[in-house]
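Some notes on the structure that comes next.
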Amino acid sequence: PKSRDTDFSEWRWDGDPARCQMETYPLLCRLLAHFKSRGFEMPMAAITEVRAPKTHIPSHRSQQWRLRFVCPLFVPRNATSRLHFPGVGDRLFLERDCFWFDESYEHEQI
């Protein structure tokens, strides 16, 4: 079945510390502020929350080269979620198994 827009949400941060949602993501906002204070510029951050079983985020790619750091914080028991790279392979989402990938490659979440 095709996913509905309500099956997942994404919060994006544009790099401005004043616009980080401290009340919702306090640990993330403190971590981003710490990186910035050490001279490590992060132009954006995002949190994607998948809510419904069988959610599918269709194939897409970034128009510019950038690395994305993915860190699945919670994967329900008996659930399978993976990042699919057509013609290349898949990467399973495992709880607390963080990884980087190049967003300029076409990918989808299944």
Side-chain angles (χ1 to χ4, degrees):
K2 189 170 182 167
S3 297
R4 301 176 311 262
D5 288 340
T6 57
D7 290 345
F8 66 94
S9 66
E10 185 170 71
W11 169 77
R12 288 185 178 265
W13 176 69
D14 65 4
D16 181 348
R19 287 198 284 269
C20 197
Q21 294 182 8
M22 182 61 91
E23 64 284 346
T24 308
Y25 305 110
L27 181 59
L28 176 63
C29 291
R30 284 194 303 270
L31 184 61
L32 293 171
H34 174 75
F35 285 145
K36 189 171 183 73
S37 74
R38 300 291 178 132
F40 185 75
E41 291 295 322
M42 289 222 289
M44 72 169 13
I47 293 177
T48 303
E49 180 183 5
V50 177
R51 295 190 190 106
K54 299 186 180 180
T55 295
H56 174 245
I57 299 176
S59 221
H60 60 285
R61 69 176 350 137
S62 173
Q63 296 303 311
Q64 60 193 28
W65 180 85
R66 75 173 153 223
L67 292 176
R68 178 174 274 211
F69 183 65
V70 177
C71 197
L73 300 177
F74 176 74
V75 178
R77 287 182 197 222
N78 301 320
T80 302
S81 187
R82 63 190 165 99
L83 200 56
H84 175 67
F85 299 91
V88 178
D90 294 349
R91 173 69 190 244
L92 283 177
F93 283 88
L94 303 172
E95 200 164 298
R96 297 183 182 179
D97 180 24
C98 304
F99 60 94
W100 291 93
F101 78 93
D102 179 347
E103 276 203 334
S104 65
Y105 285 89
E106 183 179 354
H107 57 283
E108 64 184 325
Q109 186 174 340
I110 302 171

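We count residues from 1, following the sequence as given. A quick note: this is a predicted structure, and the numbers were derived from the prediction, not measured.
- Glu108 places no side-chain N or O within donor-acceptor distance of the main-chain N or O of His84, the cut-off being under 3.5 Å.
- Within 6.0 Å of OH in Tyr105 there are 12 or fewer heavy atoms belonging to other residues, nucleotides or ligands.
- A distance of 5.0 Å separates CZ in Phe101 from CZ in Phe85, rounded to the nearest 0.5 Å.
- Val88 and Val70 end up in the same hydrophobic cluster when Ile, Leu, Val, Met, Phe, Trp and Tyr side chains are linked at under 4.5 Å.
- The CZ atom of Arg68 sits 12.0 Å away from the CG atom of Asp102 when rounded to the nearest 0.5 Å.
- In the hydrophobic cluster analysis, where Ile, Leu, Val, Met, Phe, Trp and Tyr join through side-chain heavy atoms closer than 4.5 angstrom, Leu92 is grouped apart from Val75.
- Atom OH of Tyr25 and atom CG of Leu32 lie 12.0 Å apart (nearest 0.5 Å).
- Considering all non-hydrogen atoms of both residues, Asp16 and Asp14 come closest at N-OD1, 3.0 Å.
- Taking OG of Ser37 as the reference point, atom CZ of Arg30 lies at 13.5 Å (rounded to 0.5 Å).
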### Query
Is there a side-chain contact (heavy atoms from CB on, under 4.5 Å) between Phe99 and Leu83 once you walk through the steps?
CA-CA 11 Å; Phe99 60 94; Leu83 200 56; 4.1 Å; yes
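- Interatomic distance, Phe74 CZ to Phe93 CZ, rounded to the nearest 0.5 Å: 15.0 Å.
- In this structure, Lys54 NZ and Thr80 OG1 are separated by 11.5 Å, a value rounded to the nearest 0.5 Å.
- Counting only residues at least two apart or on different chains, the ring pair (Phe, Tyr, Trp, His ring centres under 6.0 Å) pairs with a member in residues 28-55 are Phe35-Phe40.
- Of the candidates Glu106, Gln109, His107, His107 is the only one forming a side-chain hydrogen bond (donor to acceptor under 3.5 Å, both in side chains) with His60.
- Grouped by direct or indirect side-chain proximity (heavy atoms under 4.5 Å, Ile/Leu/Val/Met/Phe/Trp/Tyr only), Trp65 sits with Leu67, Phe69, Trp100.
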